[in-house]
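Notes follow the structure.
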Amino acid sequence: MSATALVVSNMIGTGVFTSLGFQVAGFNGALGQHVFPLIMLWIVGGVLALCGALCYAELATALPRSGGEYNFLSRIYHPCVGFCTGLTSATVGFAAPIAISAIAFGQYFCGAFPDFAHALGRNAEHAASLLLVVLVTAAHLRSIRFTGAFQATTTTITVLLIIAFIVVGFVTGPAQPVSFAPHRADWPLVMSTAFGSSLIWVMYSYSGWNAAAYIVGEVQDPPRSLPRALILGTAFVTVLYVAVNAAFLHTTPLQVLAHDPKHPEHPSFDVANAAGQQIFGATGARLSNALICIGLVANVSGMMWVGSRVTEAIGANYPRLGIFGRTTATRVPHVALLYQAVVVCALLYLKPDDILTYVGAVLLFWSLLAVLGVIVLRFREPNLPRPYRTWGYPVTPLIFATVTIFSLVQNYQSNPRDTLIGAATVLIGIPVYLWVSRDVPMARLRGEMEG
């Protein structure tokens, strides 16, 4: 239950509440009243996330150690590859998305509670972001059992509020003259460049489907629990995403939803606020802000849980970084958690846009290597026990790989500078690996023996 909640909470972040505006604008008025291509975007994104979850389920049960891609890539390719992805995760891979969600929490919190914003003035948003990071870190430091309960509770509240938003939107919201049924003119739009570019935003919104693979060591009966958590969590969020975006489109005019990148201050950038005003009236914006705040608490908590376990896994394998592998009597990696909180607090002072572009491309690349690793591991270690085998193999990993490569190419064409910076920082991990791996047995680095 906690592992499934972790998957759901890692996926439900700011993307689903904002990216529809970019998608509507990307079609540049070609939709008319037919919104099937927009719904199809979220269905395709969910299918891709599910393909990735199916592949990670096999890897997580065949290589049952915490750490996610760090563990997988160290065993499948080389410890240096695993270390580079682990170093990315331990520095900005999780800290940057946590900081972005915390910054968003501060903005939404002040929108939901204007008295708080008025009392603290210009520092209100930063104070709320900082307070969230401190309180969530403190909750995770208590125990693994408390962490799981905290995660499940916040995620359940978030899901119930989103379902309520969907139901109220369709039952009492103002119906727009849009058609969700596929039309013959829709299919050229589904095959268009605009659809491919919009898919990048959708894949960002779905990121987090692999969360449970990072905490294999803390899950009871991983061969049964991990596949269920990954697959059920991803499938559930897919249904939720399609439904909530349908509610946005059902209640809010397309011209209001469309986000003009030249005017980022346009209120339609925040799709949930725009829809909330249509559904609930004048108080809709505050209600939407409060809903998103609760979702961001679960999102920040889930990423903190996952990110600290990657840092802990690195510390457990590399003696020169052993301080990060220390745990409390209740098995909580307190040093890794505190280190992560410090990095996040530092990033709260930066603008999130460029960091998000860079981090998204790098993490997508590591996911690509991990999914392709299912095929590599089948050839390299055919006799390795696999309690769960990827459904639809080899089509499933190939679908994920093809679309991911397409998205990375699109990202490079749109943001070449950030993509090249990401590639350069990945290469920085090589000399660090050569230093920390000295005198460490290769079997230990590959995860074939305990430290």
Side-chain angles (χ1 to χ4, degrees), residues 56 59-96 210 213-218 222 305-328 331-343 358-359 361-381 384 420-451:
Y56 270 59
L59 293 175
T61 54
L63 308 173
R65 290 166 61 94
S66 295
E69 290 95 353
Y70 162 71
N71 172 40
F72 302 154
L73 302 187
S74 295
R75 176 71 173 269
I76 296 170
Y77 300 105
H78 190 276
C80 183
V81 180
F83 181 83
C84 287
T85 182
L87 188 64
T88 301
S89 299
T91 51
V92 296
F94 283 98
N210 55 353
Y214 290 87
I215 59 163
V216 178
E218 299 173 21
W305 189 357
V306 170
S308 62
R309 270 50 179 183
V310 179
T311 308
E312 177 197 10
I314 294 175
N317 278 354
Y318 294 87
R320 295 188 178 186
L321 301 175
I323 187 174
F324 294 108
R326 295 180 181 176
T327 60
T328 64
R331 289 278 295 116
V332 174
H334 58 292
V335 176
L337 273 168
L338 292 173
Y339 158 77
Q340 182 174 251
V342 170
V343 176
Y358 149 63
V359 170
V362 173
L363 296 183
L364 201 57
F365 173 71
W366 292 130
S367 296
L368 171 64
L369 287 187
V371 169
L372 289 176
V374 173
I375 300 175
V376 175
L377 199 63
R378 289 274 188 110
F379 280 99
R380 180 172 293 173
E381 300 187 46
L384 182 71
L420 292 175
I421 292 174
T425 53
V426 166
L427 296 177
I428 291 175
I430 297 176
V432 179
Y433 165 79
L434 295 176
W435 174 65
V436 299
S437 64
R438 291 173 59 185
D439 303 324
V440 182
M442 181 60 67
R444 176 174 175 178
L445 298 180
R446 282 170 49 84
E448 297 173 338
M449 61 177 284
E450 296 294 333

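This chain uses plain numbering: 1 for the first residue, then up along the sequence.
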Using every non-hydrogen atom in the two residues, find where Ala336 and Ser308 come nearest and quote the distance to one decimal. CB-O, 3.4 Å

Taking side-chain hydrogen bond (donor to acceptor under 3.5 Å, both in side chains) as the test, write out the residues that go with Thr328, two or more places apart. Thr330

Write down the atom of Leu63, the atom of Leu377, and the distance for their closest heavy-atom approach. CD1-CD2, 4.1 Å

Who are the ring-ring contact (aromatic ring centres under 6.0 Å, His included) partners of Tyr56, not counting sequence neighbours? Phe72, Trp209

Non-hydrogen atoms of Pro64 and Thr61 that approach each other most closely: CD-O, 3.9 Å

Val376: which residues meet the side-chain contact (heavy atoms from CB on, under 4.5 Å) condition with it, sequence neighbours left out? Ile76, Tyr77, Arg380

Straight-line distance of Ile314 CD1 to Leu87 CG, nearest 0.5 Å: 6.5 Å

Side chain to side chain donor-acceptor pair (under 3.5 Å): pairs with one or both residues in residues 369-378, sequence neighbours excluded: Glu58-Arg378

What pairs of residues pass the salt bridge (Lys or Arg N to Asp or Glu O under 4.0 Å) test when at least one of them lies in residues 307-328, not counting sequence neighbours? Glu218-Arg309, Glu312-Arg331

Looking only at non-hydrogen atoms, find the nearest pair between Ser89 and Val310 and report the distance. CB-CG1, 3.7 Å

So do Tyr70 and Asn317 actually touch side chain to side chain, heavy atoms under 4.5 Å? yes

Per-pair distances, 0.1 Å, donor-acceptor, side chain in residues 367-375, under 3.5 Å, sequence neighbours excluded:
{"unit_1": "Ser367", "atom_1": "OG", "unit_2": "Leu363", "atom_2": "O", "d": "3.2"}

Take Val306 and Phe94 through the test side-chain contact (heavy atoms from CB on, under 4.5 Å) and record every step on the way to the result. CA-CA 8 Å; Val306 170; Phe94 283 98; 3.3 Å; yes

Would you tabulate the side-chain donor-acceptor contacts of residues 433-441 under 3.5 Å, counting partners in other chains and residues two or more places apart, or write 'none'?
{"unit_1": "Ser437", "atom_1": "OG", "unit_2": "Tyr433", "atom_2": "O", "d": "2.7"}

Roughly how far apart are Cys84 SG and Ile430 CD1, rounded to 0.5 Å? 5.0 Å

Between Thr327 and Pro333 the two heavy atoms that sit nearest each other are CG2-CA, 3.9 Å

Tell me, with the steps shown, if Phe83 and Leu321 meet side-chain contact (heavy atoms from CB on, under 4.5 Å). CA-CA 12 Å; Phe83 181 83; Leu321 301 175; 4.0 Å; yes

